[in-house]
Amino acid sequence: MNSKLNWLRAGVLGANDGIVSTAGIVVGVAAATVAREPILTAGIAGLAAGAVSMALGEYVSVSTQRDTERALLGLERRELRDDPQAELEELAELYENRGLSPDTAKDVARELTNHDALRAHAEVELGIDPDELTNPWHAALSSALAFTLGALLPLIAIVLPPIQWRVPLTVAVVLIALAITGLVSARLGKAPSSSAIVRNVVGGGLALAITYGIGHVVGVAIG
Ligand SMILES: [Zn+2]
């Protein structure tokens, strides 16, 4: 349940990243040249680089997290084997801290220990579901996919329309898309949506203004 929500949120953030960074690239290049090929080439290169870098970053961070979780589970397993009595008392204490009466906490701890001691300790003590460790390959692939989907939007918006409409149309498409991703991520996080939308749209607009300005300066300097 909770992990599904995290996946959705990661997907929206990845798409948001793809939209902003690719839009920045194509708008920046479009400020320097009217030729379609360099805009398209830069946009596709940016999409590929961004997707690979997202996948790599996600793979590394999720792998590290999974290694940590596995090490913690291993430690817990050893403690349960070496000193089951102390572990039982520890579990009862944790339930007591959560608000159960001492007697109830002892009963709960004993029953859960008989059922699946490692799972009980993993969940209460470490906050880990031992069967639900995130797969780094899944995380890498899905963030690359989310980034690519987001990146396709400004890429298509900049190459399809006639020259004079390229930049304004791309900016409009991007700002609308950022309003939507801002809304969705606010909804997923149960945060107020209006401020999330404003932050996301203003931030994206600023990013486009900066890359357009830099592209224009570079275009004038080398053109
Ligand atoms: Zn324990």
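Order of listing sets the numbers, starting from 1, for every ligand and every atom in it.
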### Residues that D107 engages under salt bridge (Lys or Arg N to Asp or Glu O under 4.0 Å), provided they are two or more places apart
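Result, salt bridge (Lys or Arg N to Asp or Glu O under 4.0 Å) vs D107: R110.
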### Task
Name all residues meeting the salt bridge (Lys or Arg N to Asp or Glu O under 4.0 Å) criterion together with E125; count only those two or more places apart in sequence or in a different chain, and write none if there are none.
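Partners of E125 by the salt bridge (Lys or Arg N to Asp or Glu O under 4.0 Å) criterion come out as none, since no residue qualifies.
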### Message
Tell me whether R36 at atom CZ has more than 12 heavy atoms from other residues, nucleotides or ligands lying less than 6.0 Å away.
### Response
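More than 12 heavy atoms, drawn from other residues, nucleotides or ligands, come within 6.0 Å of this atom.
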### Query
Number of protein N/O/S atoms less than 2.8 Å from the Zn ion (ligand 1)?
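If we list every protein N, O or S atom nearer than 2.8 Å to the Zn ion (ligand 1), we get 5.
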### Where at least one partner belongs to residues 34-86, residue pairs that pass ring pair (Phe, Tyr, Trp, His ring centres under 6.0 Å), sequence neighbours excluded
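The answer is Y59-W137.
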### Query
Can S185 and N16 be counted as having a side-chain donor-acceptor contact under 3.5 angstrom?
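No.
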### Query
Under a 4.5 Å cut-off applied to non-hydrogen side-chain atoms, are T64 and S61 in contact?
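No; the side chains remain at least 4.5 Å from each other.
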